[in-house]
Number of protein chains: 2
Amino acid sequence: MSHMGYGCLMPFDRDRVLRAAAALLTRKSTATMDEVAKAAGISRATLHRHFAGRDALVRALESLGIAECEAALEAARPDEGPARDAVRRLVREIEPAAGLLAFLYTENQLFEGEEQNEGWDRLDERITALFRRGQESGEFRIDLTPVWLTEALYGLVASHAWGVIDGRLAGKDFQYMIVELLLGGAARREES
Amino acid sequence: MSHMGYGCLMPFDRDRVLRAAAALLTRKSTATMDEVAKAAGISRATLHRHFAGRDALVRALESLGIAECEAALEAARPDEGPARDAVRRLVREIEPAAGLLAFLYTENQLFEGEEQNEGWDRLDERITALFRRGQESGEFRIDLTPVWLTEALYGLVASHAWGVIDGRLAGKDFQYMIVELLLGGAARREES
DNA sequence: CCTGTATGAGACATGAATGTCTCACATGGG
DNA sequence: CCCATGTGAGACATTCATGTCTCATACAGG
């Protein structure tokens, strides 16, 4: 009797909501369900209809991040050509998911319960295998373990993503800065 | 009239409490004040007598982390000798504070309010200057910016600290793995 | 021995986020 | 045109961490 109308309703788009949530939580990991809903342009009620709770939302983001990483890994063709080129392709393909990965990387509560997603293990295994292949082909040094190189890759991706968010780094340098540091290091090459 | 006794009282040791809090929060960044108190071996009341609230506790940890970093920087003598050796010393000296740094690195809420501690800026400036000095002396390549190298150093320190906590990496490799990757990279050197 | 200080234990109120619910309304298909 | 589905807005209870309080007890110094 009182309201004139509600205006247009926002149709629910799971993927759009997840990406909005990822973008917000990357900047503010303690954001409320209400803030997430507003950022996604839907009501808290609708958000809660599709994700049982905050845990379920974070789990969905985890699955999304794993899926994007696996897609990036597929697109990078880690078994083809020189390992260093495969790493280069992997970093390039993983850039769109960098923010989401940076958020998930800090959600250490994901790895507390027994129900940790085994997708991470699969990813770790495949990336580790890439670095191991580079070692066996003689491209990479053998004194840096593949496990550490994998961990360092995650860390550099997250670091660069935060640096971009905080305005200290330029987004366009993502692939170059990460790959050059990871593969070549900071020391200048000997002029041989 | 009912209790027989309270047992021994725990004398308050600010430094010990802060280190226990840092160790716990590094593993579980959402730990309760109650959990922090238990981890420190004191009661929640006492914890709250010395730190006005959770914010104050985190701020104190931030100050502690900055102080330890500055002490590490002093001990590393960043202006003496080759820049690569100074970086090596810096990583070695910073290792005891790695866990605390990893925690603070993810507390992005610290950088939201206007009251962000300017100690970080001082540290960034000094570490950046070290990398810039290495570039000017010809030791480091110039296509990786000092700001990025500084950011990467933080990221690698945090990554290794978490890898140790999760049991994927060995604590004794801290300095070697970080310095070798940061300075030398993963690619094998050309046999000249 | 007595006293002041500081702690531990626990009760209590407060506030925030969460989860559930109802109802009005918009949209699309029959 | 009518109905089913799905959304927005908001009320509501619940849970939990927080912050404050009181009181009994332990310890150190006089």
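Within every chain, numbering begins at 1; the chains are lettered A, B, ... in the order of the sequence lines, protein sequences first and strands thereafter.
- Within the 4.0 Å cut-off from OP1 or OP2 of C/dT7, not a single side-chain nitrogen or oxygen of B/S43 is found.
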Report each atom pair, protein N/O against N/O of nucleotides 11-14 of chain D, whose distance is under 3.5 angstrom.
none

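- Proximity of B/H50 to the phosphate of C/dT7: a side-chain N or O atom is located under 4.0 Å from OP1 or OP2.
- Close to D/dC21, at under 4.0 Å from its OP1 or OP2, lies no side-chain N or O of B/H48.
- Atom CG of B/L47 is separated from atom C1' of C/dG10 by 16 Å (rounded to the nearest Å).
- A centroid separation of less than 6.0 Å is found between the aromatic rings of B/W162 and A/Y105.
- In terms of polar N and O atoms assigned as donor or acceptor, the side chain of B/R49 comes within less than 3.5 Å of the base of C/dG8 in a complementary pairing.
- Ion pairing of B/E70 with B/R122 is present here, as a side-chain N (NZ or NE/NH1/NH2) and a carboxylate O approach within less than 4.0 Å.
- Looking at the side chain of B/T32, the nearest of the listed nucleotides D/dT18, D/dG8, C/dT7 is D/dT18.
- For the atom pair CG (A/L104) and CD (A/E68), the distance works out to 10.0 Å, reported to the nearest 0.5 Å.
- Atom CG of A/L18 and atom CZ of A/F51 lie 4.0 Å apart (nearest 0.5 Å).
- In this structure, the separation between OG1 on A/T145 and CZ on B/R168 is 11.5 Å, given to the nearest 0.5 Å.
- Taking only side-chain atoms of A/M33, from C-beta outward, the nucleotide of D/dT18, C/dT18, D/dG10 with the closest atom is C/dT18.
- Atom pair A/D55:CG and D/dT15:P shows a separation of 17 Å (rounding to whole Å applied).
- Annotation: the span from A/R49 atom CZ to A/I42 atom CD1 amounts to 10.0 Å, rounded to 0.5 Å.
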